[in-house]
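Below is one structure, written out as structure tokens; the observations come after it.
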Amino acid sequence: MAKALGEIIIDIEKCKGCSLCIDACPEEVLSLANKINKKGYQYIVTVNSNCTGCASCAIICPDAVITVYRKIEKSA
Amino acid sequence: MSNNIETAKFRPEICTDENLVYRKPSTLLPEPFHYCPGCGHSTVHKIFMEVIEEMGIENETIGVAPVGCSVFAYHYMGVDMQQAAHGRACAVATGIKRVQPDKYVFSYQGDGDLAAIGTGETIHAANRGENILVIFINNGIYGMTSGQMAPTTLEGMVSTTSPHGRDVKTQGYPLKISELLAPLPGVAYITRQSVHKPANVRKAKKALRQALEYQKKGLGFCLVEIVSNCPSNWRMTPAQANQYIEEKMLAFYKLGDIKVPEVK
């Protein structure tokens with residue numbers, strides 16, 4: 001069965017930490033960081049590698065800070 | 001927050017151009033949004049600019065920004081924009097469309113702008129069957145002026161001017177603009193969408209694209225109402241605000257197409 005490997009890139013300086021992506025993610029990949037960005041918002045980070053590249057986080061993200069990549073890995 | 005969060009290891013080998021699934025649309029300008037965290041305005045700006053990018057019409061589109069939170073829409077949308085007086089966006093869009101009938105013309109308005117001060121302009125533009133797209137953001141409150149009651153505020157909903165909840169005996173009933181406009185013969189397409197969940201965002205995007213295609217065919221007035229949130233003035237977190245949309249707003253403002261043109 002083919003497995004989807006996903007990866008996201010987060011523009012942390014534009015993130016406002018609204019956390020909508022955390023609720024939208026079906027794989028619980030995202031969490032708020034302990035740090036803040038230059039504007040004083042806690043930003044989001046990935047906490048595990050379960051991402052499948054479904055792009056739900058990027059679609060719900062109001063500030064368009066997430067770029068999503070997906071690679072389909074075909075197993076023998 | 002005391003626990004240290006470990007971030008996952010970044011895998012650059014996946015991040016190649018052929019694996020790209022989603023990126024910020026190029027038609028959305030690089031300036032960060034001034035909207036509050038979790039605001040639906042930014043989501044709608046984003047999906048509308050995605051539609052413009054996908055259709056490749058950024059050089060053929062003229063928008064009209066309203067007065068309200070989204071007054072600075074022209075800072076974010078990479079198309080030609082004009083800013084209208086409060087409530088008059090439909091009238092300005094009418095003028096632009098009549099002078100440049102081959103361009104895509106849209107107005108972007110909130111509920112205070114479109115449903116309160118601009119009700120007259122909106123109804124008459126719809127009744128004339130102006131071939132424009134109106135994007136109507138309905139969050140049931142005046143966001144920019146810090147949360148006063150709007151015509152679309154739900155019964156019992158608390159705002160700064162209805163601190164005990166909207167009482168319909170003295171303050172009237174919430175206004176359903178979409179249902180109000182649908183019977184007019186000049187109106188081609190009216191739909192109500194929301195942006196509180198990824199699936200709804202996708203549907204809203206599809207509706208916006210559909211409306212622009214109807215405009216291309218010259219079918220008449222199109223209005224896409226988008227039920228949105230206002231976490232700051234609803235005094236909620238963004239997640240709670242989206243939950244409120246799901247439970248309360250959508251119970252009154254039912255999603256779906258209200259009027260679709262017969263000829264497709």
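Here is the naming used below: chain letters follow the sequence lines, and residue numbers restart at 1 for every chain.
- Separation of atoms CG (A:Asp23) and OG1 (B:Thr237) is listed at 8.5 Å; rounding is to 0.5 Å.
- Surrounding NZ of B:Lys103 are more than 12 heavy atoms belonging to other residues, nucleotides or ligands, all under 6.0 Å away.
- Both the backbone and the side chain of A:Asp63 come within less than 4.5 Å of a heavy atom in chain B.
- The structure places CG of B:Asn242 at 8.5 Å from SG of A:Cys18, a figure rounded to the nearest 0.5 Å.
- Contacts of A:Cys15 with chain B are absent, with no heavy-atom separation under 4.5 Å from either backbone or side chain.
- Proximity to chain A (any heavy atom under 4.5 Å) is shown, for B:Lys205, by neither the backbone nor the side chain.
- The 12-atom threshold is exceeded at CD of A:Glu27, counting heavy atoms of other residues, nucleotides or ligands nearer than 6.0 Å.
- In this structure, the side chains of A:Ile59 and B:Ile47 stay at 4.5 Å or more apart for every pair of heavy atoms.
- Note that NE2 of B:His196 is 8.0 Å distant from CD1 of A:Ile60, once rounded to the nearest 0.5 Å.
- Ranking A:Arg70, A:Lys39, A:Lys71 against chain B, the residue ahead of the rest is A:Arg70, based on heavy-atom pairs under 4.5 Å.
- A 4.5 Å side-chain heavy-atom check between B:Tyr35 and A:Pro62 finds every atom pair outside the cut-off.
- Both the backbone and the side chain of A:Ser56 come within contact range of chain B, each with at least one heavy atom under 4.5 Å from a heavy atom of that chain.
- In this structure, the side chain of A:Glu7 engages the main chain of B:Arg11 through a donor-acceptor pair within 3.5 Å.
- Between chain B and the residues A:Ile66, A:Ile72, A:Thr67, the most heavy-atom pairs under 4.5 angstrom are made by A:Thr67.
- Contact of the A:Ile9 side chain with the B:Phe10 side chain is registered, since non-hydrogen atoms from C-beta on lie closer than 4.5 Å.
- A donor-acceptor contact shorter than 3.5 Å links the side chain of A:Lys14 to the backbone of B:Pro30.
- Chain A forms the most heavy-atom pairs under 4.5 Å with one residue out of B:Leu20, B:Val195, B:Val201, and that residue is B:Leu20.
- If you measure heavy-atom distances from A:Ile8 to chain B, the contacts under 4.5 Å come from the backbone alone.
- Here the closest heavy-atom approach between residue A:Ala55 and residue B:Val21 is recorded as CB-CG1, 4.0 Å.
- When the shell of 6.0 Å around CD of B:Glu31 is examined, it contains more than 12 heavy atoms from other residues, nucleotides or ligands.
- The contact between A:Leu20 and chain B is made entirely by side chain atoms (from C-beta outward), counting heavy-atom distances below 4.5 Å.
- By a heavy-atom distance cut of under 4.5 Å, not one residue of residues 67-78 of chain B is near chain A.
- Only the backbone of B:Thr16 comes within less than 4.5 Å of a heavy atom of chain A; no side-chain atom from C-beta onward does.
- Using a 4.5 Å cut-off between heavy atoms, B:His41 does not touch chain A at all.
- In terms of non-hydrogen atom pairs under 4.5 Å with chain B, the most contact-rich of A:Asp11, A:Val68, A:Ile22 is A:Val68.
- Looking at B:Lys46, its side chain does come within 3.5 Å of a backbone N or O of A:Cys61 through a donor-acceptor pair.
- Residue B:Cys39 touches chain A through its backbone alone, counting heavy-atom pairs closer than 4.5 Å.
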